[in-house]
Amino acid sequence: FSIALLLGSCKSSDKKKEGAGNGTPSLKEETISYKVDSLDMNSFVVYDENREGKRPAILVIHEWWGLNPYVKKEADMWCKELGVNVLAADLYDGKVATTPEEAGKLMQANDRERSAAIILGAAKYAGKKADFRTLGWCFGGGWSLQASLLLKDKAKACVMYYGMPE
């Protein structure tokens with residue numbers, strides 16, 4: 001059901017660029033940097049270079065491991081399958097855990113105010129007209145709900161994969 005809601009809210013009315021080939025997406029991945037107040041923040045973005053026009057965005061929030069290759073692979077998949085822009089927020093400032101012990105420490109050390117600022121900064125980076133669908137796993141599932149609440153009317157759907165609502 002939640003995926004159906006996400007899919008339904010991500011219908012894209014954009015067009016392929018002229019001469020963009022056989023319709024195969026040309027995914028562009030970037031790490032973006034932005035400032036909120038005086039704080040430097042980073043996120044991972046993926047979009048299809050062959051599409052023009054406004055597209056819905058999915059704000060992806062990583063699980064307790066951090067913004068690792070799995071989350072980036074999922075961002076690519078959502079972009080390719082749905083034709084949407086995907087912005088994966090990095091709530092750990094580049095730190096990635098490789099053991100459950102490290103992941104637990106990163107999650108416990110998470111600064112809620114900074115995470116909220118990262119989410120709001122990412123939304124600001126995307127522009128005033130951007131709207132979002134939020135999606136997260138575990139630690140990120142709870143933050144998916146928090147992001148939707150923070151984004152208010154800019155949030156069109158929220159998917160929590162086994163996250164605590166807090």
Side-chain angles (χ1 to χ4, degrees), residues 1-17 20 23 25-37 39-63 66-67 70-93 110-166:
F1 170 74
S2 61
I3 298 302
L5 175 63
L6 186 66
L7 291 170
S9 71
C10 285
K11 290 182 181 168
S12 181
S13 60
D14 60 8
K15 300 178 223 170
K16 291 281 188 183
K17 283 185 183 176
S26 175
L27 301 187
K28 173 80 173 177
E29 298 177 347
E30 298 179 304
T31 298
I32 59 168
S33 297
Y34 48 95
K35 280 192 182 286
V36 174
D37 297 324
L39 303 174
D40 292 323
M41 302 179 185
N42 297 300
S43 293
F44 174 80
V45 237
V46 60
Y47 58 93
D48 181 354
E49 288 184 303
N50 287 342
R51 291 200 178 266
E52 11 180 71
K54 183 181 177 197
R55 290 183 301 273
I58 298 177
L59 175 62
V60 172
I61 304 169
H62 57 77
E63 53 196 333
L67 185 55
Y70 173 77
V71 175
K72 292 177 180 181
K73 183 183 82 153
E74 287 290 302
D76 283 353
M77 186 269 305
W78 288 112
C79 179
K80 183 179 177 185
E81 295 295 319
L82 298 178
V84 298
N85 296 330
V86 181
L87 191 153
D90 183 357
L91 302 189
Y92 290 171
D93 296 316
N110 179 256
D111 180 333
R112 295 182 63 75
E113 287 182 24
R114 179 158 172 81
S115 291
I118 290 168
I119 290 164
L120 292 172
K124 186 176 179 181
Y125 179 90
K128 289 182 181 183
K129 293 183 180 180
D131 57 28
F132 297 90
R133 291 91 190 121
T134 65
L135 179 149
W137 304 266
C138 189
F139 163 81
W143 272 106
S144 176
L145 176 60
Q146 294 305 312
S148 287
L149 294 171
L150 286 165
L151 295 170
K152 300 179 180 167
D153 62 341
K154 290 174 112 4
K156 305 303 180 195
C158 173
V159 176
M160 295 173 59
Y161 283 105
Y162 55 90
M164 298 294 290
E166 299 179 3

Those residues at least two apart in sequence (or on a different chain) that pass salt bridge (Lys or Arg N to Asp or Glu O under 4.0 Å) with Asp111 are none

Test side chain to side chain contact (heavy atoms under 4.5 Å, CB included) applied to Lys80 - qualifying residues, sequence neighbours left out | Pro25, Leu27

Lys154 side chain to Lys128 backbone, donor-acceptor under 3.5 Å | yes

Ion pair check, Lys129 and Asp131, cut-off under 4.0 Å = no

Could you list the residues that satisfy side chain to side chain donor-acceptor pair (under 3.5 Å) with Lys35, not counting sequence neighbours?
-> Asp40

Would you call Asp93 and Arg114 a salt bridge, using N to O less than 4.0 angstrom?
-> yes

Verify the ring-centre separation between Tyr70 and His62: is it less than 6.0 angstrom?
-> no

Test item: Ser144 side-chain N/O and Thr134 main-chain N/O as donor-acceptor pair under 3.5 Å | yes

Taking everything shown except Glu113 itself, do over 12 heavy atoms lie less than 6.0 Å from its CD?
-> no

Would you please classify the geometry between the Tyr161 ring and the Trp137 ring as parallel, tilted or perpendicular, with 30° and 60° separating the classes?
-> parallel

Donor on one side chain, acceptor on other, Ser33 and Asn42, under 3.5 Å = yes

Give, for atom CG of Asn50 and atom NZ of Lys28, the distance between the pair rounded to the nearest 0.5 Å.
-> 12.5 Å

